[in-house]
Amino acid sequence: QTNFTVVINTNGKYVWSYRSNDSAGNIVFATSNRTLTIDTIKPTVAFKLLTPNNNTFSTNTSIRVNVSGTEINPHTRRIQFDGINYTMTCVNSYYYCVYSNNSLTTNKKYLYRVYINDTSENSNSTGVRYYTVDTVKPLIAYSTLTAANNSIFSRNWVAMNVSITETNRHTTSYLIQNSSGIRNKTHYTTSINRINFTGLANSVYRYNVSVNDSANNKNNTITRYITLDTANPTITLNNPRNARNSSTATITFSAACTDTNLRYCNLWGNWTNGVSASWRNNKTNSSAKSGSQTNFTVVINTNGKYVWSY
């Protein structure tokens with residue numbers, strides 16, 4: 001074996017052979033020449049348009065990965081997708097490669113990258129990208145801390161509390177409005193499940209909560225209504241007139257109770273069951289109409305001076 005070691009600093013394709021001569025002056029070359037390619041340059045490779053961006057969330061169960069780059073002596077182009085290597089067929093030294101998969105599993109996160117090496121074993125690769133398929137809507141529901149639908153309160157605030165089930169939660173939006181329009185709409189991109197809208201005027205409000213995930217699957221609660229009413233009812237006492245004397249034990253009391261959200265009118269007095277007693281509620285009308293006359297007829301069997309009101 002005759003060995004020679006040389007340094008060739010320039011990339012390119014070279015031809016080599018051996019020549020031998022003996023002492024009698026006979027000279028001969030090897031029966032054939034050989035070629036040698038010097039290639040110290042790594043291939044280039046990059047994702048191209050139509051390839052999903054890194055950390056893409058999608059409802060699409062198909063993916064197309066496009067790469068391109070430059071390599072004079074390409075050898076192997078492959079994509080590692082979900083842990084499995086697939087050979088990619090590319091074109092010439094300035095190559096363009098495509099990988100397609102139309103049967104991705106839903107609700108799964110996929111990892112992929114592309115590798116290339118040339119005939120001189122120079123290699124390169126793209127960075128890692130992730131693609132998540134998510135076709136399931138988030139689950140959302142009011143919690144028990146949220147007021148029941150059509151509630152009425154004497155306060156100036158509305159609290160909303162929800163439970164949300166979603167692996168890839170993105171945005172939660174809290175909306176409250178009344179007949180004048182939207183009073184507040186707040187968006188959170190963190191996992192905040194509760195909000196309290198304060199400083200609200202007396203009104204009937206409607207509200208709901210919506211959520212979307214990173215793949216833009218959406219869901220929302222039903223709309224609930226709540227009435228805020230901090231104003232006291234007004235009462236007009238009508239009959240009998242104040243300080244009236246009566247010769248009969250049967251007395252009809254009347255008054256008008258006025259309120260937007262009137263629930264009932266009560267007759268109070270210092271008697272019970274027709275005889276003198278401590279101050280108490282004697283009669284109730286739970287169907288009284290706001291501003292209308294509400295009458296109660298009672299029998300007081302004991303002579304005396306009585307106090308009454310509504």
Side-chain angles (χ1 to χ4, degrees), residues 1-22 25-135 167-168 170 213-216:
Q1 189 83 359
T2 301
N3 298 326
F4 298 102
T5 299
V6 298
V7 176
I8 303 175
N9 292 316
T10 305
N11 289 339
K13 187 175 183 180
Y14 297 89
V15 179
W16 69 278
S17 188
Y18 267 51
R19 190 183 77 164
S20 179
N21 66 288
D22 59 21
N26 298 303
I27 301 172
V28 66
F29 275 95
T31 56
S32 62
N33 295 332
R34 293 191 174 183
T35 60
L36 170 68
T37 299
I38 303 297
D39 181 1
T40 62
I41 300 174
K42 291 198 304 183
T44 63
V45 59
F47 291 115
K48 304 304 290 183
L49 293 176
L50 302 181
T51 302
N53 292 327
N54 189 29
N55 292 320
T56 291
F57 291 81
S58 177
T59 59
N60 192 349
T61 56
S62 298
I63 189 173
R64 178 186 174 99
V65 179
N66 301 312
V67 294
S68 67
T70 303
E71 173 52 51
I72 298 174
N73 306 300
H75 182 255
T76 302
R77 281 67 59 95
R78 61 186 174 88
I79 183 171
Q80 184 185 69
F81 191 88
D82 195 30
I84 301 175
N85 291 320
Y86 300 92
T87 299
M88 303 178 77
T89 302
C90 306
V91 179
N92 299 326
S93 59
Y94 185 84
Y95 55 86
Y96 178 81
C97 308
V98 177
Y99 168 78
S100 296
N101 190 324
N102 299 316
S103 57
L104 301 181
T105 302
T106 59
N107 307 315
K108 183 174 180 179
K109 185 175 185 178
Y110 292 89
L111 175 153
Y112 63 94
R113 70 190 305 172
V114 175
Y115 298 86
I116 180 172
N117 68 286
D118 61 21
T119 53
S120 298
E121 298 185 357
N122 299 300
S123 63
N124 205 350
S125 66
T126 63
V128 172
R129 286 194 178 185
Y130 294 91
Y131 182 81
T132 301
V133 181
D134 182 357
T135 61
T167 303
N168 305 307
H170 187 268
D213 62 22
S214 298
N216 207 31

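The two residues Ser125 and Val45 have their closest heavy-atom pair at C-CG1, 3.7 Å. Pairing each heavy atom of Ser100 with each of Val98, the nearest pair is OG-CG1, 3.9 Å.
Pairs passing the disulfide (SG to SG under 2.5 Å) check and including a residue from residues 26-89, sequence neighbours excluded, do not occur.
Ring to ring, Tyr18 and Phe4 are close: their centroids are under 6.0 angstrom apart.
The main-chain N or O of His75 is never found under 3.5 Å from a side-chain atom of Thr119 such that the two would form a donor-acceptor pair. A donor-acceptor pair under 3.5 Å is formed between the side chain of Arg113 and the backbone N or O of Thr126. The closest donor-acceptor contact from the side chain of Asn124 to the backbone of Pro43 lies under 3.5 Å.
Using a 4.5 Å heavy-atom cutoff, the side chains of Tyr112 and Thr51 are in contact. Residues Asp213 and Phe57 are not in side-chain contact: their nearest non-hydrogen atoms beyond the backbone lie 4.5 Å or more apart. Counting only heavy atoms from C-beta outward, the side chains of Asn107 and Thr105 never approach each other to under 4.5 Å. Using a 4.5 Å heavy-atom cutoff, the side chains of Lys42 and Ile116 are not in contact. Ile63 is not listed as a side-chain neighbour of Tyr110, based on a closest heavy-atom distance of 4.5 Å or more.
Looking at Asn117 and Tyr115, their side chains never bring a donor and an acceptor atom within 3.5 Å of each other.
Test Val67, Asn66, Asn54, Asn53 against Phe47 for side chain to side chain contact (heavy atoms under 4.5 Å, CB included) and you get one pass: Val67.
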